[in-house]
Amino acid sequence: MKLKKASLRTVAQFVIYEAKMRSNKLVDFLASYGPLPSANNLYDEFVVEAAKKYGCQPIRIASPLIDKLTDILNSERPVSVILTGTAGDGKTYTARKVAEKLAGDHQFTGFSEKIYQHPMVNKRGGKIKFIKDLSEFNDKEKNGAYPEIRASLSGESLDVYVICVNDGQLLKFFRDQEDWELHGKFSEMLRNDKQEDSALNFELINMSRRSHQEILDDIFDGIVDHGGWDGCRDCHLLQEKKNPCPIRINRKILMSTCDSSMRKKLKDLIRIAADDGHYLSIRQIILLTVNVLLGDEKSGSKLLNCEKARNRAKNNQYCLTNPYRNVFGLNLGDRNRHQYGCFNVMNRFQIGYETNNHFDNLLIWNSNDSNGCEFYGEKIFTAKHRYLNDPNSSSADFQEQLIDQRRRLFFSTRLDMFNIEENIRKNPWNLTIFQHGHDYIAMTTKNPDKNTVQRIRSSLFKGLNRMMTGKMTTTSDRLWITMPAGVFLGHEIPLLVEKSGSMSASSKIKLKSGSSENSTENSPPTLSIKISGYEKEISLKLRPTLVECLFRVSNGALPASFSAECIREIERFQLRVTSIFRKVNNNTIPLSEIEMSNGDFQEKPIYALSERDDWSW
């Protein structure tokens, strides 16, 4: 049966349309890194296999550590390398990339054996062996591998190893072999963050201590700049202006690198979380980024694919693909969301639940807020107009959507839009529990502005003085070190030990940044006091929660508004400083009482009366 020309034309148009509706394999590949039960790509051993399945290149993350380890193994005196850390820190990925780099032009497909022997030998003629996960070994395999590993680590063998293992399994390996010498060495090195031991032939690198700041942009770029996005060229949504693809919208948001970008704010949040003890592994950061990009809230769906993205665009359902909700895992159910550490960490900041009148007035009464977003701003803030007309009928929807809009403002408001030093209420960090988060980030930069440093220093000193003395002082140019409350007579009266930072003080204060040129570790800033006559510095780690406490106390809040943990940290610092200061001076320092005059401290010496002195008033 012959088809009419019109019918042929219809079939041809349908075939062309179907070709344009093809799915981009990259989207499905990225989804396998996301928060799904089947997301095997979160484990390095599945990456190569998944790349072949989808015809995509794996996500590439450049790391200075890969070059460093390659140089160690290629050196004239190579040593073994032990990579420890929590699951998802990139131990196996790093080992695989080192093996690839050593292979050069020779093809390396991955670790197929539990102990992979590299075809290349080291410059001393020994073998190079890789163990991708020591915890996979059973007892018999551990017993068989132990003698050679022991010989390599002690320098008795020319062979070198790259061993991936977490801290507990590393110690268990030597404990099971009753090798108490190496067990003790590793325990000490892990406890003190040491990388080398002069008597042994290895380097111990704890991946959980390394800062991800240097590679966060590589993670984001590896996802949003992946070459596989070229597969979208034939999609009709690529040229759509009114209702474009939500995946492309979210990708564009993540591609921006300016100070007001979501990427910049995510980097700041991840840094603050890590310094406060809530560390995110590389695996969790990749999962978080993929969920921001592909998250979907429609019932039964968690992540977008190309077909779902077309449906959301067609039906104008951008409220279901909101990246400012996806970053908190709100596209997942409560039970599923709590399985992933990255979403628990992001929700700690309570972004959107904190606010002030400035931001709420901007969102409610200003139809075009200063950071309007075409697709995730007014377009999905549909409950606002209903609420303004009839508050009782749509209060719950309005509150939920208002929280979402506050989140959007946090992730898109520039700090330089306002003079936030004079207009503190316009600072977007007011939309989080860390109202002084921008100051903390400034403290962690390598070369902060001098005026910013002086302002931060003054606020910290004033907050510390108020917490140490219990007085609402305005002194901010030096520290008045007193006895902790309850020590000697300091419960009611602050007893002065030292005025650190003053011209006559015998101790010096340093405020150290959390970053340095050669630092690769997560480390909060520190305030250190060097007492004359004592060789070591006495340091107070200025973790984010403590900094927030000190800044708010400096601005008038009460210390009791924060957890007792912050108060205990200050008291322990006081006790260390005062005890060492008195020890250095052989307990001969005359104590003084502190008085205040117009908000500033004054010293009032305490005199001891003898029996013959007049005790009368």
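Keep in mind it's a predicted model, so treat the numbers as computed, not measured.
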> Checking Asn347 side chain against Phe343 main chain: does a donor-acceptor pair fall under 3.5 Å?
Replying inline: yes

> In Å, rounded to the nearest 0.5 Å, how long is the span from CG of Asp167 to CE of Met189?
Replying inline: 12.0 Å

>> Any heavy-atom pair between the side chains of Ser23 and Arg310 that's under 4.5 Å?
In response: yes

>> Please find the pair of heavy atoms, one from Leu303 and one from Lys308, that lie closest to each other, and give the distance.
In response: O-NZ, 3.4 Å

> What closest approach, in Å, do Val292 and Asn326 show between heavy atoms, and which atom pair accounts for it?
Replying inline: O-ND2, 3.5 Å

> Has the side chain of Gln401 got a donor or acceptor atom that lies under 3.5 Å from a matching backbone atom of Ile403?
Replying inline: no

> Less than 4.0 Å between a side-chain N and a carboxylate O, is that true for Arg348 and Asp276?
Replying inline: yes

>> Test your reading of the model: is there a side-chain donor-acceptor pair from Asp89 to the backbone of Gly85, 3.5 Å cut-off?
In response: no

> Does Ser135 offer a backbone N or O that forms a donor-acceptor pair with the side chain of Asp133 under 3.5 Å?
Replying inline: yes

> Tell me, do Tyr318 and Asn243 make a side-chain contact under 4.5 Å, heavy atoms counted?
Replying inline: yes

> Would you call Lys267 and Asp217 a salt bridge, taking side-chain N to carboxylate O under 4.0 Å as the test?
Replying inline: yes

>> Taking the side chain as everything from C-beta on, heavy atoms only, tell me whether Leu294 gets closer than 4.5 Å to Ile247.
In response: yes

> How many angstroms lie between atom CD1 of Ile253 and atom OG of Ser412, to the nearest 0.5 angstrom?
Replying inline: 9.0 Å

> Is the shortest heavy-atom distance from the side chain of Leu170 to the side chain of Leu204 under 4.5 Å?
Replying inline: yes

> Quick one: do the Asn166 and Gln169 side chains pair a donor with an acceptor below 3.5 Å?
Replying inline: no

>> Ignoring hydrogens, what is the shortest heavy-atom contact between Val162 and Ala95? Give both atom names and the distance.
In response: CG1-CB, 4.1 Å

> Does a side-chain N-to-carboxylate-O contact under 4.0 Å join Arg271 and Asp268?
Replying inline: no

> Would a distance-only check, ignoring hydrogens and angles, find a side-chain to backbone donor-acceptor pair under 3.5 Å from Thr355 to Leu431?
Replying inline: no

>> I'd like to check Ile286 versus Thr289 (side-chain heavy atoms, cut-off strictly below 4.5 Å). Are they in contact?
In response: no

>> Under a 3.5 Å cutoff, is there a donor and acceptor pairing between the side chains of Asp193 and Asn206?
In response: no

>> Around atom NZ of Lys123, are there more than 12 heavy atoms from other residues, nucleotides or ligands closer than 6.0 Å?
In response: yes

> Would Lys265 count as a cation-pi partner of Phe410, with NZ or CZ less than 6.0 Å from the six-membered ring centre and within 45° of the ring normal?
Replying inline: yes

> Can you check whether Tyr161 reaches Ile149 side chain to side chain, under 4.5 Å on heavy atoms?
Replying inline: yes

>> How long is the straight-line distance from CG of Leu293 back to CG of Leu288, given to the nearest 0.5 Å?
In response: 11.5 Å

> Think Arg407 forms a cation-pi with Phe328, using NZ or CZ under 6.0 Å from the six-ring centre and within 45 degrees of its axis?
Replying inline: yes

> Under the salt bridge (Lys or Arg N to Asp or Glu O under 4.0 Å) criterion, do Glu307 and Arg312 qualify, and how do the steps go?
Replying inline: CA-CA 9 Å; Glu307 181 184 357; Arg312 302 296 173 268; over 6 Å; no

>> Can you confirm whether more than 12 heavy atoms, excluding those of Lys314, are under 6.0 Å from its NZ atom?
In response: no

> Can you tell me if Gln350 uses its side chain to pair, donor with acceptor, with the backbone of Thr432 under 3.5 Å?
Replying inline: no

>> Before you tell me yes or no, could you show the steps for Lys242 and Glu240 under side chain to side chain contact (heavy atoms under 4.5 Å, CB included), namely the whole-Å CA-CA distance, both residues' side-chain angles and the distance that decides it to 0.1 Å?
In response: CA-CA 6 Å; Lys242 184 178 180 181; Glu240 176 66 42; 3.6 Å; yes

> Which heavy-atom pair separates Gln435 from Asn427 by the least distance, and what is that distance?
Replying inline: O-ND2, 4.0 Å

>> With ring pair (Phe, Tyr, Trp, His ring centres under 6.0 Å) as the rule and sequence neighbours excluded, what pairs involving residues 252-276 come up?
In response: none

> So Asp404 and Asn322, side chain to side chain donor-acceptor pair (under 3.5 Å) or not? Walk me through it.
Replying inline: CA-CA 9 Å; Asp404 290 341; Asn322 188 347; 4.7 Å; no

>> Any donor-acceptor pair under 3.5 Å linking the side-chain atoms of Ser281 with those of Thr86?
In response: no

> Which residues satisfy the side-chain contact (heavy atoms from CB on, under 4.5 Å) test with Glu141, sequence neighbours excluded?
Replying inline: Lys114, Phe137, Asn138

>> The test is side chain to side chain donor-acceptor pair (under 3.5 Å); show your working for Asn250 and Tyr376 and say whether it passes.
In response: CA-CA 10 Å; Asn250 294 352; Tyr376 298 119; 2.8 Å; yes

> Can you name the nearest heavy-atom pair linking Val27 to Cys306, along with the distance?
Replying inline: CG2-SG, 4.0 Å

> How close do Asp275 and Arg543 get, heavy atom to heavy atom, and via which atoms?
Replying inline: O-CB, 3.7 Å

>> Under the criterion ring pair (Phe, Tyr, Trp, His ring centres under 6.0 Å), I'd like the reasoning laid out for Phe202 against Phe186: C-alpha separation, chi angles, the key distance, then a yes or no.
In response: CA-CA 11 Å; Phe202 66 87; Phe186 279 115; 4.9 Å; yes

> Which class fits the ring pair His118 and Tyr116: parallel under 30°, tilted 30 to 60°, perpendicular over 60°?
Replying inline: perpendicular

> Salt-bridged, Asp221 to Arg263, with N to O below 4.0 Å?
Replying inline: yes

> So, for Tyr33 and Phe29, is the gap between ring centers shorter than 6.0 Å?
Replying inline: yes

> Would you call Arg406 and Glu354 a salt bridge, using N to O less than 4.0 angstrom?
Replying inline: no

> At what distance, to the nearest 0.5 angstrom, does OG1 of Thr444 lie from CD1 of Ile272?
Replying inline: 8.0 Å

> Is there a side-chain contact between Phe411 and Leu266, using heavy atoms and a 4.5 Å cut-off?
Replying inline: yes

>> Between Glu400 and Arg325, does any NZ, NE, NH1 or NH2 come within less than 4.0 Å of an OD or OE carboxylate oxygen?
In response: yes

>> Would Asp296 and Thr321 count as a side chain to side chain donor-acceptor pair (under 3.5 Å) here? Give the steps.
In response: CA-CA 5 Å; Asp296 181 40; Thr321 64; over 6 Å; no

> Roughly how far, to the nearest 0.5 Å, is SG of Cys164 from CG of Leu83?
Replying inline: 5.0 Å

> Between atom CD1 of Ile163 and atom NZ of Lys129, what is the distance when rounded to the nearest 0.5 Å?
Replying inline: 10.5 Å

> Glu297 side chain to Lys302 main-chain N or O, any donor-acceptor pair under 3.5 Å?
Replying inline: no

>> Please tell me whether Ser152 and Asp159 have a donor and an acceptor in their side chains that are separated by less than 3.5 angstrom.
In response: no

>> Looking at Ser261, is its backbone amide N or carbonyl O close enough to the side chain of Ser256 to form a donor-acceptor pair, meaning the two atoms are under 3.5 Å apart?
In response: no

> Got a donor-acceptor contact below 3.5 angstrom from the Asn122 side chain to the Pro78 backbone?
Replying inline: no

>> Going by the rule side-chain contact (heavy atoms from CB on, under 4.5 Å), which residues pair with Ala273 if we only count those two or more places apart in sequence or in a different chain?
In response: His278, Val345, Phe349

> Hey, does Val547 have a side-chain heavy atom less than 4.5 Å from the side chain of Asp439?
Replying inline: no

